[in-house]
Amino acid sequence: MLLACLWALPGFALNPDRLPSQYLFDRFGRDEGLPSDTVWVARSDGEGFLWLGTKNGLARFDGVRFTLFNKLNQPAFRSNDVRDIEILADGSLWLATYGGGALHYADGTFTAYTTDEGLADNIVHDILPAADGTLWFATSQGLSRLRGNEMRSWTQHDGLVDNRTFRLLEEPGGAIWVSTLTNGLSRFDGTVFTNFTEGSGLDSTQVHLLHQDPKLGLIAATAAGSTYRLTTSGPVPHENTALQTGMILHSALRDVHGNLWLGTYGDGLWRVRKNGTLEAFPLATQQPGYVFELSEDAEGNIWAATQHGVHRLRDSDFLQFGPAEGLAAATFVVTQSPVDGSIWAGTEGSGLFRLGADHSVTQYTSAQGLSNDNVSSLLADSDGSLWVGTFGGGLNHLQRDGSITYYGKEDGLPNVHVMGMQRDASGRLWVVTDGGLVWLDPDSGRFIERPDLPATLLREIRADSRGRLWLTSNSGLLQITDNSYQLWSEADGLGSNLVSTTYTDANGVVWIGSRESGLARLDGDQLFQFTLEHGMPQLSVLAILEDDAGCLWMSGADGLVAVERAALDAVARGESRRVRARLYDETDGLRSAQFLGGFQPAGWKAEDGRLWFPSNLGLVAVVPRDFSTLAAPAPPQIEEIRVNGEPVPIADPLLLPAEAATLEVDYTVPRLGAPHTLRFEYLLEGFDRDWHRVGGRRTAYFTGLPPGSMTLRVAASNHDAAQDASPRGAETRLAIYRAPYWYQTWWFLMLGTILALLLIHRLYRRAIRRAVVRERQLEMLVNRRTRELQIALSKVQEISRIDSLTGLANRRFLDENLDSTWAQCAAQHAPVSIIMLDIDCFKQYNDAAGHIAGDECLRKVAEALQSDVLRDEDLVARYGGEEFLALLPGADSAAVTQVAQRIRSLVRELKIPHPNSPVAEYLTVSVGGATAWPAEKGTPDELIQRADQALYAAKAAGRDRVRIEESNGQIR
């Protein structure tokens with residue numbers, strides 16, 4: 001159940017029942033690291049890597065970065081234009097190049113096969129590994145075969161239809177089909193060529209596709225847009241009408257779900273639906289739709305090699321409906337009809353939408369009789385009618401026949417802004433408006449107001465299985481009865497009075513969501529507030545739903561959170577300290593992580609178990625049972641090792657010279673669909689005290705390695721960066737030995753120790769003889785002067801380095817350390833980061849609370865900064881007034897972002913009341929950060945200036961913010 005709740009990847013293969021717009025499309029080109037936007041072929045190997053043949057070299061992709069092979073780093077390459085890649089059962093690769101012959105890649109080495117080895121021509125279009133182990137090559141000057149170490153070729157003189165061969169295909173019996181660019185097809189049975197050209201079986205001599213399909217058999221497609229079945233007697237028009245597209249088919253793929261994908265020469269990507277019709281899949285490109293090759297990796301991703309990069313199509317665990325599917329973008333509320341199971345969605349400005357079981361979409365607006373197109377509340381009745389509350393237009397009752405009854409102020413509504421609706425156990429209809437709570441009197445048809453409730457903005461009303469009514473508001477949570485109510489607020493332990501939603505589980509426990517303080521739990525009279533410290537990844541809860549596996553799903557401002565309800569119960573009872581929650585956002589396939597709430601219902605559990613949530617880009621449906629669990633990653637692979645910045649051969653053990661000042665080890669685990677779910681950590685035994693948890697970073701950095709033997713351990717596991725570490729996964733180990741300098745050898749150290757002892761002994765005896773006379777006279781004087789000097793030195797050092805008010809380092813000591821840190825990081829090729837923070841509205845704090853309280857406030861902030869936020873090697877200083885600065889050597893942009901967010905949270909957790917702040921009721925800080933690589937460019941002053949600019953951006957954005965300046969100058 002925990003795996004189903006928290007750890008999921010997009011499902012294997014593409015669900016054939018979804019619309020093209022509901023898949024996830026990603027493009028990779030030159031901007032992402034490919035050597036060329038023209039990608040001829042994509043193939044995945046048994047280890048999970050994707051190999052890409054481009055116009056400018058070969059690339060290997062692990063899901064994050066590309067490793068390039070070309071003439072610059074591989075002597076065997078005569079041409080960078082890689083037209084075909086074939087991966088054999090032994091894991092080796094064969095490459096076809098345009099002008100450089102064929103290349104064989106095995107055990108990390110490329111071997112070239114050209115005309116010198118008997119190849120018919122160095123322009124190779126296609127390679128065919130035959131069933132008997134023979135390799136066939138389609139070249140521009142004929143057909144070649146490599147059997148063992150013997151290369152043989154055939155041309156037109158031997159009966160081949162044309163020398164410019166293009167594509168190859170093997171029949172089950174071993175005969176080879178050869179297509180040409182200009183003169184049709186040849187079938188070669190090993191002895192005789194049988195040729196087929198225009199007028200003798202084909203409607204065009206240009207054959208772009210040869211393909212073997214498990215359902216369609218052997219097929220060939222021509223430039224005239226026709227598809228043929230290949231038989232022993234020749235090509236015949238294929239009986240499958242879906243293949244007679246009129247388009248030039250250039251590639252084909254049958255995925256594991258049985259979908260047939262077709263890549264065309266100029267008309268993009270298509271899929272043959274179950275009913276035999278063609279369905280276009282628009283690729284995210286302005287270039288003509290030349291799809292040269294299609295392939296599927298082990299994770300079920302579809303890869304399309306095109307003239308404009310390689311495109312990845314993958315499924316999503318989330319079924320989404322927005323403008324691309326006929327729905328509006330900004331969606332407020334969602335519910336389901338209990339009669340026909342249709343889904344209803346209320347939107348901002350676009351009215352009401354009905355989503356049928358067949359995913360058909362029907363829209364209702366003011367043109368169809370709604371009083372307003374801003375739909376803010378929905379309630380589906382058992383008779384099939386629908387109550388539609390609007391924001392500004394009162395209440396509509398939509399009947400099944402399409403007729404609409406309107407209710408407004410003249411009918412007793414206190415306000416035309418409707419926030420929520422609910423029927424209680426007796427069937428009474430309750431309506432929450434901006435002006436209060438009312439119920440509908442069925443006899444008079446008028447609404448009766450409930451007058452005794454607090455004067456506050458009410459949000460939603462819910463009835464639980466015990467008949468209790470729960471009302472959320474901006475003043476807390478209310479439980480109402482016929483004659484009274486009970487209020488829970490911040491005074492009772494709620495983290496915030498801005499309560500947005502509730503959910504009552506089967507045990508009668510009430511789960512409370514707020515906009516600013518996350519989730520709370522009310523069990524009887526026991527209230528428990530969850531915080532970030534308990535493992536909750538966001539402080540915004542707009543809707544709470546429970547799936548059939550006992551997981552709570554909560555929408556919020558940062559995404560969708562899934563957490564096991566039993567784990568939350570254990571924390572609330574004190575049986576556990578943290579939960580393992582999973583935050584889903586855009587990296588997991590959501591179109592937007594901005595969910596909407598404040599209206600009722602902001603989430604709905606459908607009869608089929610789907611959980612529906614409205615967002616600012618449409619509806620999101622979660623089908624937890626369809627989530628595929630995340631497979632444990634394979635042990636990491638060592639990709640490259642650099643000593644003193646220069647690559648060295650990978651060896652185990654790795655022998656380092658004595659002068660090795662820096663060591664960098666690149667490692668990876670291929671994951672082509674969702675690489676962000678991988679977490680890495682490493683430990684150098686014999687050097688490190690503990691594991692380095694580095695998230696998604698795929699490089700280990702070391703400086704100052706001691707001589708001797710060490711072992712590098714690198715582990716990968718599945719992890720969400722915002723949560724607790726998951727169990728450490730499979731490891732890769734690398735033995736390392738650093739040679740000592742001559743003065744670090746054992747014999748030198750032993751000889752030096754002996755000589756030092758002898759010298760010390762001699763000097764000692766001489767000193768004893770000379771000091772015996774003066775010892776007694778000078779002993780007291782020396783001791784007294786020593787104590788005086790120590791006391792004086794301590795006072796001078798304290799005055800010169802410490803800020804007397806906060807106890808932090810002062811500006812002078814910061815300046816001294818900044819220059820030395822910059823120089824050290826430059827020598828180590830390491831980053832250095834600066835965080836600047838300013839107490840928001842501190843002058844107003846002093847004016848309101850007094851300077852004594854202001855000084856105490858500065859001391860508390862300083863104590864918070866000296867807590868567990870920073871490492872031992874970091875330095876925090878008072879930069880001036882209410883401004884502080886943290887110096888973080890070795891921290892990159894990702895690390896400085898985490899530290900900055902933690903500093904901001906720590907200051908908020910101090911809960912220092914700020915009587916005069918326009919930002920918040922408690923003291924807050926604005927934080928700016930920046931990162932530099934001293935070895936590359938810049939100065940310490942420029943880094944401080946960049947951090948100061950980021951701090952200014954945080955203030956300009958409204959304060960109580962974190963802004964980090966990226967290396968490209970952008971501030972996020």
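Starting from 1, each residue takes its place in the sequence as its number. These numbers come from a predicted model, not from an experiment.
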Any donor-acceptor pair under 3.5 Å from [X] side chain to [Y] backbone:
| X | Y | result |
| --- | --- | --- |
| E586 | A593 | yes |
| T264 | G268 | yes |
| D162 | G184 | no |
| E170 | A131 | yes |
| R312 | L672 | yes |
| R671 | V64 | no |
| T331 | A329 | yes |
| Q368 | T365 | yes |
| T165 | T139 | yes |
| E296 | N301 | no |

Does any donor atom in the side chain of [X] or [Y] lie under 3.5 Å from an acceptor atom in the other side chain?
| X | Y | value |
| --- | --- | --- |
| N195 | S186 | yes |
| D81 | T97 | no |
| T231 | S233 | yes |
| S337 | D340 | yes |

Non-hydrogen side-chain atoms of [X] and [Y] separated by less than 4.5 Å:
| X | Y | value |
| --- | --- | --- |
| F332 | P614 | no |
| Q320 | L590 | yes |
| L202 | P235 | yes |
| D255 | W261 | yes |
| S350 | Q363 | yes |
| H250 | L209 | no |
| L216 | L260 | yes |
| L560 | W553 | yes |

Electrostatic pair [X]-[Y], nearest N-O below 4.0 angstrom:
| X | Y | result |
| --- | --- | --- |
| D547 | K605 | no |
| R591 | E325 | yes |
| D26 | R314 | yes |
| R27 | D37 | yes |

[X]-[Y] aromatic ring centre distance below 6.0 Å:
| X | Y | result |
| --- | --- | --- |
| H359 | F321 | yes |
| Y364 | W344 | yes |
| F49 | F61 | no |

Testing the basics here: between [X] and [Y], what is the closest heavy-atom pair and its distance to 0.1 Å?
| X | Y | answer |
| --- | --- | --- |
| L230 | A220 | CD2-CB, 3.9 Å |
| S251 | F292 | CB-O, 3.6 Å |
| S79 | Y98 | OG-O, 2.9 Å |
| F613 | G603 | CD2-CA, 4.3 Å |
| A606 | I343 | CB-CD1, 4.5 Å |
| A328 | T347 | CB-CG2, 3.8 Å |

> Going by the angle between their ring planes, with limits at 30° and 60°, are F188 and F193 parallel, tilted or perpendicular?
Replying inline: parallel
> When the ring planes of H208 and F166 are compared, do they come out parallel, tilted or perpendicular, using 30° and 60° as the limits?
Replying inline: perpendicular
Output the distance between atom [atom1] ([X]) and atom [atom2] ([Y]), rounded to the nearest 0.5 Å.
| X | Y | atom1 | atom2 | value |
| --- | --- | --- | --- | --- |
| L327 | L617 | CG | CG | 11.0 Å |
| Q206 | Y265 | CD | OH | 9.0 Å |
| S316 | Q22 | OG | CD | 9.5 Å |
| F69 | N80 | CZ | CG | 13.0 Å |
| D317 | D588 | CG | CG | 8.5 Å |
| L50 | F66 | CG | CZ | 8.0 Å |

> Should D267 and I248 be marked as a side chain to side chain contact (heavy atoms under 4.5 Å, CB included) after you check the CA-CA gap, both sets of side-chain angles, and the distance that decides it?
Replying inline: CA-CA 8 Å; D267 290 298; I248 304 175; 6.0 Å; no
>> Please evaluate residues L249 and T227 with respect to the criterion side chain to side chain contact (heavy atoms under 4.5 Å, CB included), reporting the C-alpha separation (whole Å), side-chain torsions for both, the decisive distance (0.1 Å), and the verdict.
In response: CA-CA 8 Å; L249 301 184; T227 304; 3.6 Å; yes
>> Considering only residues two or more places apart or on different chains, which pairs with a residue in residues 211-223 satisfy side-chain hydrogen bond (donor to acceptor under 3.5 Å, both in side chains)?
In response: D203-T222, D213-R254
>> Check for me whether R83 meets the cation-pi criterion with W40, that is, NZ or CZ under 6.0 Å from the six-membered ring centre and within 45 degrees of the ring axis.
In response: yes
>> Could you check whether R582 makes a cation-pi contact with Y584, meaning its NZ or CZ is under 6.0 Å from the centre of the six-membered ring and within 45° of the ring axis?
In response: yes
> How would you list, by chain and number, every residue that makes a salt bridge (charged side-chain N to carboxylate O under 4.0 Å, His left out) with R167, sequence neighbours excluded?
Replying inline: none
> side chain to side chain contact (heavy atoms under 4.5 Å, CB included) between L278 and W270: does it pass, once the steps are laid out?
Replying inline: CA-CA 6 Å; L278 285 174; W270 297 75; 3.8 Å; yes
> Run the side-chain hydrogen bond (donor to acceptor under 3.5 Å, both in side chains) check on N56 and T54 step by step: do they pass?
Replying inline: CA-CA 5 Å; N56 199 28; T54 80; over 6 Å; no
> Given V161 and L185, is the side chain to side chain contact (heavy atoms under 4.5 Å, CB included) satisfied, shown in steps?
Replying inline: CA-CA 7 Å; V161 69; L185 284 169; over 6 Å; no
>> Please evaluate residues T197 and N183 with respect to the criterion side-chain hydrogen bond (donor to acceptor under 3.5 Å, both in side chains), reporting the C-alpha separation (whole Å), side-chain torsions for both, the decisive distance (0.1 Å), and the verdict.
In response: CA-CA 6 Å; T197 62; N183 206 27; 5.4 Å; no
>> Taking ring pair (Phe, Tyr, Trp, His ring centres under 6.0 Å) as the cut-off, I'd like each qualifying pair that reaches into residues 221-244, sequence neighbours left out, listed once.
In response: none
> Where do S592 and N616 land on the side-chain hydrogen bond (donor to acceptor under 3.5 Å, both in side chains) test, with the steps shown first?
Replying inline: CA-CA 7 Å; S592 172; N616 66 345; 2.6 Å; yes
